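In what follows, a structure is listed as structure tokens, so that the remarks can point back to it.
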Amino acid sequence: MQSIHFRMPFAPLNSYPSLSFKEAQQEPIYWYALILLFFLILFLWAIRKLRNDLVSVFHDEEGGVQITTQALQELVKKSCLDIEGIDAPTTKIKSNRGTIRLHVRLSLNPEGDIKQIRTMLRNKIEKIMVENLNFSNFGGVDIVIKGFQDK
């Protein structure tokens, strides 16, 4: 006679490393762990998307001024609307030792002068950030071309 081997639903942890992949898939703890991992990743993604980071603009004797990252992204997007040849800008804000740097990804018109568009965009954003908003820690703009517009 053959003996039938039944495993408890949650066997001791030292027995799991000796299981083959097919045997491990049949264990409930395997599926619980996968579901838990999925929800953990989903939770961390949601926290990252929903966070409302504040960027320090300046601080003086009367207090400090901060701006949200969404407001900075909107500012860059509106700055790009006035420049012909730029489409679909997205912005990431990088902070390094208190200095704020903007990474702008955009699509360009392939027939436009890329150097001129870059210069216009950088000057416009730097003017707004430094002169209008009085950013004391603005480090500049980096531009990445992510594609080209259709004609």
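Note that the structure is a prediction, hence the values are computed from the model and not measured. Starting from 1, each residue takes its place in the sequence as its number.
- Side-chain contact between His103 and Val144: absent, with no pair of heavy atoms (C-beta onward) separated by less than 4.5 Å.
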*Please step through side-chain contact (heavy atoms from CB on, under 4.5 Å) for the pair Leu40 and Leu36, ending with a clear verdict.*
CA-CA 6 Å; Leu40 178 65; Leu36 182 66; 5.6 Å; no
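- Atom CG in Leu106 sits 10.0 Å away from atom CZ in Phe148 (nearest 0.5 Å).
- Side-chain atoms of Asp87 and Leu108, non-hydrogen and from C-beta on, never get closer than 4.5 Å to each other.
- Side-chain contact between Phe138 and Ile125: present, with at least one pair of heavy atoms (C-beta onward) separated by less than 4.5 Å.
- The distance from atom OG of Ser79 to atom CG of Leu121, rounded to the nearest 0.5 Å, is 7.0 Å.
- Annotation for Lys124: atom NZ counts as buried by contact number, over 12 foreign heavy atoms lying within 6.0 Å.
- The local environment of NZ in Lys92 is sparse, with at most 12 non-hydrogen atoms from other residues, nucleotides or ligands closer than 6.0 Å.
- Inter-residue side-chain proximity for Arg118 and Val141 is flagged as unmet; no heavy-atom pair is nearer than 4.5 Å.
- Contact check for Met129 versus Leu102: side-chain heavy atoms found under the 4.5 Å cut-off.
- Under the 3.5 Å distance criterion, the side-chain polar atoms of Asn123 are left unmatched by any main-chain donor or acceptor of Glu126.
- A 6.0 Å sphere centred on CZ of Arg105 holds no more than 12 heavy atoms belonging to other residues, nucleotides or ligands.
- Closest of all the heavy-atom pairs between Val76 and Val104 is CG1-CG2, 3.8 Å.
- When side chains are defined from C-beta on, Leu75 counts as touching Leu133, because their heavy atoms get closer than 4.5 Å.
- Between the side chain of Arg101 and the main chain of Asp142, no donor-acceptor pair closer than 3.5 Å is present.
- Across Gly139 and Thr99, no two heavy atoms sit closer than the pair CA-CG2, 3.4 Å.
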